[in-house]
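What follows is a single structure, written as structure tokens, with notes after it.
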Amino acid sequence: MSTATRERAVHQLEFMRGDELQIPTYKVVKQDGTPYKGAQVPDLDQALALKIYRSMARTRVLDERMLAAQRQGRLSFYMQSTGEEATTVGFAAALEDDDMIMAQYREQGALVFRGFTLDEFMNQLFSNEQDYGKGRQMPIHYGSRQLHYMTISSPLATQIPQATGYAYGQKLAGDKRCTVTVFGEGAASEGDFHAALNMASVLKVPVIFLCRNNGYAISTPSSEQFAADGIAPRALGYRMHAIRVDGNDVLAVYAAMQEARRLAVEENEPVLIEAMSYRLAAHSSSDDPSGYRSKKEEEKWREKDPLVRFKNWLLKRKWWSEEEDSALFERERQAVLEALKAAEHRPAPMVDEMITDVYDQPTAHLTEQLEQLKAHIRRYPDAYPKTSGRIDHG
Amino acid sequence: MSTATRERAVHQLEFMRGDELQIPTYKVVKQDGTPYKGAQVPDLDQALALKIYRSMARTRVLDERMLAAQRQGRLSFYMQSTGEEATTVGFAAALEDDDMIMAQYREQGALVFRGFTLDEFMNQLFSNEQDYGKGRQMPIHYGSRQLHYMTISSPLATQIPQATGYAYGQKLAGDKRCTVTVFGEGAASEGDFHAALNMASVLKVPVIFLCRNNGYAISTPSSEQFAADGIAPRALGYRMHAIRVDGNDVLAVYAAMQEARRLAVEENEPVLIEAMSYRLAAHSSSDDPSGYRSKKEEEKWREKDPLVRFKNWLLKRKWWSEEEDSALFERERQAVLEALKAAEHRPAPMVDEMITDVYDQPTAHLTEQLEQLKAHIRRYPDAYPKTSGRIDHG
Amino acid sequence: MAKMNLLQAVNNALDIAMAADDKVICFGEDVGSFGGVFRATSHLQEKYGRDRCFNTPLVEQGIIGFANGLAAQGSRAVAEIQFADYIFPAFDQIVNESAKFRYRSGNLFDVGGLTIRTPYGGGIAGGHYHSQSPEAYFAHTPGLKVVVPRNPHQAKGLLLASIRDPNPVVFFEPKRIYRASVGEVPEEDYQLPLGEAEVTREGSDITLLAWGAQMEIIEKAAEMADKDGVSCELIDLRTILPWDVDTVAASVQKTGRLLISHEAPLTGGFAGEIAAAIQERCFLYLESPIARVCGLDTPYPLALEKEYMADHLKVYEAIKASVQF
Amino acid sequence: MAKMNLLQAVNNALDIAMAADDKVICFGEDVGSFGGVFRATSHLQEKYGRDRCFNTPLVEQGIIGFANGLAAQGSRAVAEIQFADYIFPAFDQIVNESAKFRYRSGNLFDVGGLTIRTPYGGGIAGGHYHSQSPEAYFAHTPGLKVVVPRNPHQAKGLLLASIRDPNPVVFFEPKRIYRASVGEVPEEDYQLPLGEAEVTREGSDITLLAWGAQMEIIEKAAEMADKDGVSCELIDLRTILPWDVDTVAASVQKTGRLLISHEAPLTGGFAGEIAAAIQERCFLYLESPIARVCGLDTPYPLALEKEYMADHLKVYEAIKASVQF
Ligand SMILES: Cc1ncc(C[n+]2csc(CCOP(=O)(O)OP(=O)(O)O)c2C)c(N)n1
Ligand SMILES: Cc1ncc(C[n+]2csc(CCOP(=O)(O)OP(=O)(O)O)c2C)c(N)n1
Ligand SMILES: [Mg+2]
Ligand SMILES: [Mg+2]
């Protein structure tokens with residue numbers, strides 16, 4: 001039999017609550033870019049360090065510009081990741097290119113790092129005919145088969161048990177690859193989280209659970225999300241390796257993910273990483289945080305800007321200069337604007353795409369629905385301007 | 001803002017897995033009935049002690065007889081709780097009579113303790129017209145409003161978040177009452193478990209989560225259910241009070257539940273209790289455990305019989321004698337058989353009960369369906385012998 | 001009377017329900033101090049305290065599990081699911097638990113105090129996961145009531161009735177017209193009956209049946225048809241389960257034709273149930289096949305949403321096809 | 001050919017699928033060394049190892065979440081849900097994820113390798129929670145295929161086809177006849193087509209349509225009707241989604257009458273969809289209303305199960321009513 005207990009008996013009634021359990025936060029460099037005393041600094045060369053920084057910068061610029069575009073009405077919706085770029089770029093930098101990423105929605109930094117082009121971003125954001133997702137999901141639901149980045153889906157936490165399954169397949173295939181799934185501290189309340197972590201630890205699966213604890217789920221502060229000291233202590237309930245890192249310290253995130261990856265791939269040990277950060281922007285372009293938190297609180301975190309922190313480190317190492325920095329940001333802004341302009345006028349997908357991919361092949365029934373729809377559009381071309389112009393050719 | 005962390009920084013990469021975390025098992029008396037050295041023995045008088053023991057005995061007898069009746073084809077289905085009576089009776093004994101119990105299905109001991117009569121058991125088991133549940137659910141799905149025992153439902157774990165909600169209502173009403181929900185270590189894998197515990201700890205609800213860790217979920221050993229040291233460590237992930245008890249030691253269960261109740265009712269602190277035991281019988285009358293575990297393993301646990309253990313304690317205290325014991329078991333056997341005989345010939349519920357309680361009042365549509373059904377039964381009375389005889393009168 | 005939009009009417013109904021009965025408790029993701037992402041629960045926490053209006057953790061199955069327990073205890077649990085698209089993690093708690101709670105216990109226990117509010121429907125550039133109309137999934141579940149209001153006046157009266165109804169109710173709010181639908185709403189406490197459809201316009205040639213935001217669509221189509229001399233009778237079903245077959249059948253016996261329109265995909269949608277029941281009741285009265293104008297049988301798309309939707313033009317064409325059959 | 005019961009046919013199909021393709025992986029509650037509570041996965045762990053056939057923790061949403069990920073990775077994930085009544089915790093993973101995976105990604109990713117096997121249906125004294133027939137809940141979900149076999153031969157061929165079909169399939173197994181239904185089954189590997197109904201008996205007066213265990217019931221009723229001189233055409237729908245409207249319509253155009261029978265409650269059941277679609281296609285051919293003989297609109301009862309079920313006598317009476325209309 002198998003009750004897991006290595007039994008130790010006591011005869012006094014004593015409840016425990018884990019208060020003695022203190023999970024510390026791993027940090028490498030201070031905001032001014034100097035390493036903490038005695039800190040274990042990960043080993044990364046200048047090329048990689050700059051690739052990381054440039055990815056963080058591009059993510060920042062992309063977020064700023066696209067929110068502005070949304071405000072101008074050029075875009076229906078957008079979600080910024082401002083403040084969390086160290087987490088989203090840092091974790092991706094520690095992976096092999098073909099490790100699978102199954103993210104939530106605020107992880108554009110990882111995609112940037114992997115080389116998703118600005119055009120690719122824009123095509124998705126504008127739901128045009130070049131969007132890989134064929135204009136079917138809201139902006140920010142990116143995906144790339146080539147970059148091993150699973151297409152984002154809105155229902156929260158569903159990707160977490162999927163990551164366990166995906167990684168199980170990788171293990172069976174002997175790929176020596178892992179799956180990383182990213183989610184918010186809010187999403188970690190879903191039942192799927194529990195299912196995923198428990199299954200991963202029982203089945204010994206090379207999966208890494210990266211929780212972005214950014215303090216809020218829309219308006220709900222984490223104090224109303226859970227009573228414990230964050231998400232990391234939950235791992236112990238599954239006997240899973242866990243670590244908490246400073247999510248604004250890209251070097252800490254990178255180092256933790258590197259070691260987590262080793263545990264996952266070499267030892268089939270799933271790992272939970274909790275990255276502590278802050279959602280500096282609104283939840284999305286539909287949200288206004290002034291209704292639920294103070295400017296002061298935001299300011300406190302703005303001072304912990306992860307880009308500044310990493311730049312300071314780079315500057316100290318003389319791997320980067322303020323001049324290069326200004327030039328980089330200027331270049332990125334230009335590049336984003338150009339890509340935006342090009343994408344926003346590309347036409348929408350053809351009406352025929354309405355029924356593809358429901359199944360591997362359109363069923364007879366769907367083909368019939370499409371034909372009826374086309375006939376209808378031909379009858380009222382003005383009512384369906386996106387498709388009527390290209391319905392009989394193209 | 002509110003990331004729950006009382007931040008402590010470290011600068012060396014270190015993963016934790018909770019291996020250092022050892023949750024001991026609280027035990028009061030040994031199998032021979034003598035208390036462990038220095039053990040904290042709960043304070044209970046002879047009357048209560050005997051009520052507990054008699055309830056355990058009745059539960060044992062009921063289980064034995066009803067399985068036999070099932071084997072004789074008198075009953076469609078049965079589930080024994082053999083081996084776990086100390087847990088199911090012990091927890092109930094520590095509660096107020098009007099604390100709410102929301103159990104899984106193997107907790108008949110608690111019902112016996114609260115005074116559910118043998119007739120009441122039998123009426124449910126035989127789905128007759130006196131079954132409170134009107135013959136709608138399978139045998140063992142008991143419920144009693146009077147005894148504050150929520151009607152059992154088969155889908156596992158659904159009652160766990162319901163208990164959180166029920167207890168929230170009690171707290172708001174100022175009842176000074178709590179809700180106890182009981183579930184297996186298998187059911188604790190469900191998403192509803194996670195939802196329930198997290199919500200309870202955030203909302204500060206007077207609910208007690210009692211997990212019966214009996215080693216198996218049907219054929220699945222707990223080693224394939226979770227990788228951790230049982231269920232108790234999960235509580236720490238919610239910052240919830242937890243204790244592990246020897247589920248075969250009724251005094252340990254009683255003492256733990258008493259203190260848990262105090263925490264819940266007086267401090268609005270939810271508590272998780274993990275009771276370690278063993279499912280000595282098959283999962284249900286439909287199951288045969290020889291396909292997945294050894295007789296030897298069963299034997300080892302048979303020696304830890306909770307009834308014997310508690311009887312030994314009672315004997316040592318001179319509160320009980322072997323003669324009284326034999327007489328008790330003999331009386332219980334008779335009583336069970338009499339109740340069984342009386343119940344099995346009671347008629348099934350009237351056909352009219354088919355449509356009551358779908359809503360508070362039958363809808364016109366349901367009334368129409370019932371009338372059609374009655375007309376049909378009148379046409380083919382022989383095909384529906386349970387109801388045809390009483391369809392036009394009674 | 002006061003001018004309110006649909007959201008304000010919902011908020012007003014909740015306010016009145018909470019003021020009138022201490023046992024009414026509202027909760028869900030972001031419904032606390034923030035007042036919900038659509039602000040349907042604005043100011044309720046302020047007025048009634050954190051105990052009676054609060055944020056839950058982000059877990060729909062927990063929200064409804066909790067709500068079931070709270071209702072079983074005797075409270076009137078009003079749970080919000082942020083979008084109807086996110087109700088599915090709670091499907092087990094709704095379909096296996098809420099719906100069967102009373103029946104399985106022989107009326108010892110019930111969750112009649114439960115109301116689940118959730119914004120549904122498309123037309124807001126929401127794509128797959130902010131556009132679904134899942135009423136049919138619930139309408140196959142005896143024990144539940146399923147209600148959809150079409151405007152502010154209806155929303156207030158039906159929501160108050162739902163909260164007080166002694167049965168669990170899933171209350172779908174048409175989010176596309178949350179702000180767009182504005183109308184006169186009595187300020188006092190009132191209820192509109194559950195289980196009763198309403199004939200919103202009389203006509204003689206064809207019956208058009210819909211619910212929620214889709215009512216606007218069939219009204220527009222009816223106006224177009226009117227210009228062709230086709231007289232449409234309009235019915236708002238209002239309660240999807242248990243539904244008012246008598247009102248619909250009486251209308252179809254008069255007009256001889258029926259068109260049903262809903263946002264959800266055609267196949268397996270609730271229009272199928274209605275068509276099946278009405279062809280049985282009105283077989284000899286029907287002059288043309290019962291028509292269904294619904295969403296396509298695909299997930300809800302984004303860029304081609306306009307093409308996907310059962311709009312007034314599609315309804316209008318189907319009216320013509322029906323009367324010309 | 002070999003004589004097999006339906007369970008053995010399922011087991012045999014899984015065995016063949018696993019032998020033929022390393023990527024086929026079977027898992028679920030108790031499916032490992034024990035071989036499942038019905039023993040449908042007997043000996044598979046022995047033969048193919050613990051990696052390819054294993055117990056999961058007790059969490060349906062996790063099982064299907066895991067299965068979705070495994071299928072996305074390229075494996076053929078064959079997940080068992082112990083009873084169809086317990087599929088609802090996985091409803092979100094199935095309806096929001098499996099069904100929409102390919103569409104939402106523009107075919108970058110898909111879970112076509114997913115098959116969910118689950119025993120469904122009543123008549124086994126199972127009460128509410130071991131008797132449900134939830135196919136209609138899934139049939140309202142574009143992107144899924146829903147399959148139900150009626151006997152061992154069908155079970156093997158349809159299950160092999162489902163496992164290999166490049167789309168997610170929910171495969172409902174009629175547990176009432178798991179052992180009772182015995183027949184000749186080819187020993188070799190074969191597949192039966194998805195999406196095609198089968199006319200199992202030709203007739204001229206009325207078409208009877210069902211699926212799964214209900215086929216037996218309508219056959220029995222057809223025999224009774226035969227003695228009255230009523231010639232019934234029988235159709236096994238086999239695939240509920242996407243369903244074969246052409247075969248059904250052709251039959252109804254011939255017979256002029258249609259009766260549909262399923263175990264699930266009437267309201268919102270899939271018979272409604274079929275009736276709606278067929279009255280549209282066959283309006284001018286129908287000589288009587290399309291009849292539905294289904295479960296009552298209540299949760300599934302225990303003691304009065306016999307009264308509840310859509311049995312052969314109820315079907316027979318409905319046949320008479322239809323031909324005498
Ligand atoms: C199942 C589900 N429920 C609700 C939502 C609506 N929703 C979208 S994002 C969000 C908050 C998520 O917070 P968190 O997981 O902490 O991520 P963050 O936004 O902070 O990055 C909510 C409630 C959803 N998308 N899916
Ligand atoms: C949601 C759900 N899934 C599956 C089942 C089938 N089932 C009934 S009991 C059981 C095992 C439960 O094990 P555990 O929780 O450990 O309780 P025990 O039987 O050991 O008392 C299973 C899988 C169910 N009833 N409900
Ligand atoms: Mg967050
Ligand atoms: Mg167990």
Side-chain angles (χ1 to χ4, degrees), chain A residues 1-18 21-28 36 38-40 189 191-195 198 201-202 213 215 221-230 233-234 236-243 255-256 259 263 271 276 278 293 297, chain B residues 1-18 21-28 36 38-40 189 191-195 198 201-202 213 215 221-230 233-234 236-243 255-256 259 263 271 276 278 293 297:
Chain A
M1 113 99 192
S2 45
T3 37
T5 331
R6 304 141 296 167
E7 200 180 61
R8 182 169 70 85
V10 291
H11 310 299
Q12 297 294 315
L13 198 57
E14 233 175 80
F15 288 75
M16 58 197 302
R17 196 167 70 162
L21 210 150
Q22 268 243 8
I23 301 200
T25 306
Y26 172 60
K27 295 167 176 281
V28 174
Y36 284 96
Q40 182 176 347
S189 292
D192 275 357
F193 166 89
H194 175 55
N198 189 40
S201 71
V202 177
N213 184 341
S222 56
S223 58
E224 297 178 29
Q225 195 67 245
F226 46 75
D229 171 27
R234 294 185 197 167
L236 314 184
Y238 307 107
R239 199 129 180 260
M240 183 184 291
H241 294 276
I243 192 169
E259 174 58 11
L263 282 163
V271 182
M276 309 304 293
Y278 187 82
R293 68 186 192 190
E297 178 186 298
Chain B
M1 112 98 190
S2 46
T3 37
T5 328
R6 301 142 296 166
E7 200 178 62
R8 184 170 69 85
V10 290
H11 310 299
Q12 297 295 314
L13 198 55
E14 232 175 83
F15 288 76
M16 58 196 302
R17 198 168 67 161
L21 208 150
Q22 268 244 7
I23 302 201
T25 307
Y26 172 60
K27 292 167 180 281
V28 174
Y36 284 95
Q40 181 176 347
S189 292
D192 275 358
F193 166 90
H194 175 56
N198 189 40
S201 71
V202 177
N213 184 340
S222 56
S223 59
E224 297 178 29
Q225 194 67 246
F226 46 75
D229 171 25
R234 293 185 198 166
L236 313 186
Y238 307 108
R239 196 128 181 261
M240 182 184 292
H241 294 275
I243 191 168
E259 174 60 10
L263 282 164
V271 182
M276 308 304 293
Y278 188 81
R293 68 187 191 187
E297 179 186 297

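Residue numbers start from 1 in every chain, and the chains themselves are labelled A, B, ... in the order their sequence lines are given, proteins ahead of strands.
The shortest heavy-atom contact between B/R17 and A/L236 is C-CD2, 3.5 Å. In terms of heavy-atom proximity, B/Y26 sits nearest to B/Q40 at OH-O, 2.8 Å.
Chosen from A/G38, A/S201, A/A9, A/P24, the residue pairing most often with chain B at heavy-atom distances under 4.5 Å is A/P24. Considering only heavy-atom pairs separated by less than 4.5 Å from chain A, the leading option among B/D192, B/N198, B/V28, B/V271 is B/N198. When each of B/G191, B/A255, B/A242 is scored by its heavy-atom pairs under 4.5 Å with chain A, the top score falls to B/A242. Of all the listed residues (B/E224, B/R234, B/Q225, B/H194), the one sharing the greatest number of non-hydrogen pairs under 4.5 Å with chain A is B/H194.
Judged purely by atom type and a 3.5 angstrom limit, B/H11 uses its side chain to pair as donor or acceptor with the backbone of A/K27. In this structure a side-chain-to-backbone donor-acceptor pair under 3.5 Å is present from A/N213 to A/G215.
Ring-plane geometry between A/Y238 and A/F193 is classed as perpendicular, the angle between the planes exceeding 60 degrees on a 0 to 90 degree scale with a lower cut at 30.
Heavy-atom distances place both the backbone and the side chain of A/M16 under 4.5 Å from chain B.
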